[in-house]
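A short write-up of the structure that comes next.
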Amino acid sequence: MIILNHIIDINEQLEEYFPLTARQRAGFKKLGISTIRDLLWHFPSRYKNYGTNKKISGLAAGEEVSIFARVTKIKAEKTWRKKINLAEATVTDGTGNIRLVWFNQPYIAKILSGYSSYVFSGKIGLDKKGLYMANPEYEIAEEMPGKNIFSVYPETYGITSRWLQFNIQKILRLIKSGEIKIDEPIPENILKKYHLPRADRAITHIHDPIDEKKSEAARKRFAFEEIFYIQLTRTRERINRSSKPSFKLKEAVENVKEFISTLPFRLTNAQRKAIFITLKDMEKPKPMARLLEGDVGSGKTAVAAANIFSVIKQDYQTAFMAPTEVLARQHYKELIELLKKYRIKIALITSSECRKFPSKAFAGQDTHISKSQLLKWVRSGEISVVVGTHSLIQKDIKFKNLALAIVDEQHRFGINQRAAIVSRKTVPHFLSMTATPIPRTLALTIYGDLDLTILDEMPPGRKKIITTTVSPKERNKAYEKMREEIKKGRQAYVVCPRINPADPEKQKYSFSPAMDMKTVKEEAEKLSKQIFPEFSVGMLHGQMLPKEKEKVMENFRKGEIRILVATSIIEVGVNVANATIIMIEGAERFGLAQLHQLRGRVLRSNHQPYCFIFTEKSSERTKGRLKALISANNGFELAEYDLLHRGPGELTGTKQWGISDVGMDALKNIKMVEAARAEAQNLLKEDFELKKYPLLEERIRESAIIHLE
Ligand code: ADP
Ligand code: MG
């Protein structure tokens, strides 16, 4: 690092100060690090304690220690009997010698050199030849470090935790000497009120864990900061949106009664309430912004249909967006069924085709239309409801008067897509529906701009899914149960974690071999030929063409396919009431919320549903999770479990919600989330544009961009 005699801008490219190899450059790109600030904000995932410092002469077997020593001898060899590759070194610190042994890491013999001194850390063992240290960690050092606790960083190919630690320490020294400034975006009074350390101190303490309490306080500060920014962004969106005009519906609650009386079932009280609330929202001149959260099978579609009915009753249009093509088609069909009586024109748009109901030529049927035809009819107002996938938010789709946008399973859409659909002059009402059970803290954060309605009631007569984990020995028993149910007329899903068998060549050097993973193709073959030759077995996965998928779903819906072997593609929303059994293979590979969604596929009628869970490898962690799955009464309980038992570095948060590991920590603490929310609201009330806090404004803008990606 070139140290210059002036203040270094923390926003400068890392490369300006650190010479990087091509491999490191690629690694940093993958970690999303390009500036010095990014590097500083790459926080340790944990801290590791390396034991007490000792001199070699004072060592005893069983101790965990660190020694500071030089290598005098080193060699690699194969043990004679067990054929294990060994690297063995002798090191000295002037007070004595000790052997260091590494198993299965012969390359270490080439790495360690006699010209450097190292800190070796590990446990002391005793064998016939005397004391030794097994598989010690090692690190080049100029002297014995004063502390034994080190930061461990998330790594990637080309960037080791050690490199990060070493170089971040360098930057910390520049912060100390004043050559790098860390500014403070959070208002002073908020820091004081919640006893949060200032940014400059916190950044040092989170990387340099000399004092556990201080590192913890630092982590808390950054967690608060992240949630605070999201809350500011969401609260602002909310205020912004509610200041715009929308389509005010007249007597929507009164009008919808006609529709409700034609439904083939009686609404649950929860559905009634949700319909009432959403229609009341739309009777106001401000745009509705509501999240309808209800466990799988709680009947969200009927609520959506009632909303749609009320909107088209007044000659306005609705857009209904679904995350997958399968689901978009299904909603299209359901809406045709539910709204048939009202001669409403409904269209479907996906990347592979467009359709319209009713067809001009064939009464009571739908038909294929061209995209340009669809665009024309949507623009003229001829089509009232458009159901679609992402294709629905393309720029070329213009509506005559879009008054309602509904998004199903919205967590699968980026927030920018959410924004795109409401970024119009007259803002449409917005109803978002999800079955993804998320903890309250997370809902308050990522959906902070939405009002929340929960469907906490299942249609009457639904039975609790009998969920069991099945050991390899009991597999056949599970198949027999499945046979029995199918003979009674039911249908089944079998979910596998992969589509194709793994290529054995590629798997040779993999750390988590995919070799024993069940695949859709192999299971479909096995089930249809060996286990259930008497039933027809179908296959559904993402590598099939949309047309093929559609055909399989149609045949399954009609009952011509009795067993559907699929990937987790069926996780969202697929609705075949007669399917009452689901077998999940390799369940440890799915998240808890995902497993819950999957089993929700069989809770669509009043038959007794079953969920059989198989695992390939079962750790304690997996066992705990599956136990929670079996005993949980609803998705929310599971979501809370998932959040509390999340290991560090788990990707679900970052990937799915755009929240970092540190931020996810904050979500375990409802008080912190509520505080961040309250402070965000107070601050914006007093200063909507944050004119007094330009730094804060800048940071929110940056973090909003990250959340848009
Ligand atoms: P989800 O909330 O998972 O989207 P759906 O809207 O797909 O659930 O509804 C699940 C099933 O339950 C559908 O077959 C639907 O027709 C049916 N259903 C919805 N509401 C009721 C009700 N009140 N009584 C009986 N069946 C209902
Ligand atoms: Mg649904």
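Sequence positions, counted from 1, serve as the residue numbers for this chain. When a ligand or atom number is given, it counts from 1 through the structure's own listing order. In this text the structure is predicted, and so the values were computed from the model without any measurement.
- Salt-bridge formation is detected for the pair E480/R483: a Lys NZ or Arg NE/NH1/NH2 atom is positioned less than 4.0 Å from an Asp or Glu carboxylate oxygen.
- If you number the atoms of ligand 1 from 1 as listed, the ones under 4.0 Å from a heavy atom of T301 come out as 4 (O), 5 (P), 6 (O), 7 (O).
- Between F265 and ligand 1, not a single N/O pair is under 3.5 Å apart.
- Heavy-atom separations between A577 and ligand 1 are all 4.0 Å or longer.
- Under 4.0 angstrom from ligand 1, the non-hydrogen atoms of L267 all belong to its backbone.
- Scanning both residues, Y641 and R625, for their nearest heavy atoms gives OH-N, 3.6 Å.
- Proximity of R462 to ligand 1, defined as any heavy-atom pair under 4.0 Å, is confined to the side chain (atoms from C-beta onward).
- Near R266, the atoms of ligand 1 lying under 4.0 angstrom from a non-hydrogen atom of the residue are 22 (C), 23 (N), 24 (N).
- Within the structure, ligand 1 lacks H331 among the residues with a heavy atom less than 4.0 angstrom away.
- Heavy-atom contacts from other residues, nucleotides or ligands closer than 6.0 Å to NZ of K668 number more than 12.
- Note: an N/O pair closer than 3.5 Å links G299 and ligand 1 by distance alone.
- Below 4.0 Å from some heavy atom of T268 lie the following atoms of ligand 1, by number and element: 23 (N).
- In this structure, K356 satisfies the cation-pi test against W377, with its NZ or CZ atom closer than 6.0 Å to the six-membered ring centre and inside 45 degrees of the ring normal.
- Under the side-chain hydrogen bond (donor to acceptor under 3.5 Å, both in side chains) criterion, the residue pairs touching residues 537-547 are N500-Q543, with sequence neighbours excluded.
- Contact check on K313 versus E251 returns no salt bridge, with no Lys/Arg side-chain nitrogen under 4.0 Å from an Asp/Glu carboxylate oxygen.
- Considering backbone and side-chain N/O atoms, E334 never comes within less than 3.5 Å of an N/O atom of ligand 1.
- Of the charged side-chain nitrogens involved, none lies within less than 4.0 Å of a carboxylate oxygen, so that E325 and K549 do not count as a salt-bridged pair.
- Ion pair E554/R557 flagged as a salt bridge, since at least one NZ, NE, NH1 or NH2 atom sits closer than 4.0 Å to an Asp/Glu carboxylate oxygen.
- Using a 4.0 Å cutoff on heavy atoms, G294 does not count as a contact of ligand 1.
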